[in-house]
Amino acid sequence: MGVRGERAVQIAPSILAADFSRLGEQVAESLRAGARRIHIDVMDGHFVPNITMGPLVVEALRPLAQRFDAIMEVHLMIEAPDRFLAEFSRAGANAMTVHLEACPHLHRTVHNIRALNAQPGVALNPATPLVMLDDILPEIDVALLMSVDPGFGGQQFIVATTEKVARLRAILRARGLDRIEIEVDGGVGEGNIAELARAGMTIAVAGTSVFNQRRSVTESIRVLQTACAAVA
Ligand code: DX5
Ligand code: ZN
């Protein structure tokens, strides 16, 4: 098991890269392979230049996730996400991550997520500095650092993210907030997952490195887990 101190690195398969004609099957395979956090990318064509899925998909996957006691996290790449939090919660989302860049009243949004009994997360685009998280950190469970500009799967990892993860982990330690998960999203795969884990990442979003033509979902997850296991 990959560890950072006492903590295992969780692989969160991003279903954006899955074969949607076999979505249930593919998610089931990832759960059987040990995934316990399903990453669901919600895009609105405004905050990002793409449109993807909404609460219907979360609802459809809910029985499967419940069977494995897995978390369903929605990554809300949408303007004014407050409008949809209750609906995603009803559909079964138990972790909700909003973009700092889309939330003028972030403190309220985070509290709205907590009030729905979901884990609140805040995401930063690659060009948004860590300092923007300073005041909200004590209120959140997950800090998601984008390692690509959001909108599409299969993009190239922005290398500077690794150092950003290390800086954030140092800040969390210094402030007694080490419980907060650092999640990295975009271009994460066998080539960089170990280094990210060493820097302090605890959740790795994996789209095309889990759902691809090269290997089965099971094998892909094993490869990522093995790469993390090498981290001392
Ligand atoms: C990008 C999404 C990611 C995406 C990651 O905007 O937020 O979750 O699915 O896909 P990969 O792992 O292929 O970069
Ligand atoms: Zn995502």
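Whatever order the structure lists them in is the order used to number ligands and atoms, beginning at 1. Residue numbers start at 1 and run along the sequence shown. Quick caveat, the model's predicted, so the values are computed rather than measured.
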Any N or O of Asp41 that comes nearer than 3.5 Å to an N or O of ligand 1? yes

Looking only at protein heavy atoms, which one is nearest to atom 9 (O) of ligand 1, and what is the separation? Ser14 OG, 2.8 Å

salt_bridge(Arg22, Glu29) N-O dist < 4.0 Å: no

Is ligand 1 less than 4.0 angstrom away from at least one heavy atom of Gly154? yes

Taking N or O atoms only and a 3.5 Å limit, does Met146 qualify as a polar contact for ligand 1? no

Just distances here: any N/O of Gly153 and N/O of ligand 1 closer than 3.5 Å? no

Would you say Ala17 touches ligand 1, if touching means a heavy atom closer than 4.0 Å? no

May I ask you to check whether Val188 has an N/O atom sitting below 3.5 Å from an N/O atom of ligand 1? no

Backbone or side-chain N or O of Met77 under 3.5 Å from ligand 1 N or O: no

Between Thr208 and ligand 1, which residue portion shows a heavy-atom distance shorter than 4.0 Å: side chain, backbone, both, or neither? both

Geometry only, no angles: is His75 polar-contacting ligand 1 at N/O separations under 3.5 Å? yes

What residues form a salt bridge (charged side-chain N to carboxylate O under 4.0 Å, His left out) with Arg114, not counting sequence neighbours? Asp141

Could you grab the protein N, O or S atoms closer than 2.8 Å to the Zn ion (ligand 2) for me? His39 NE2, Asp41 OD1, His75 ND1, Asp185 OD2

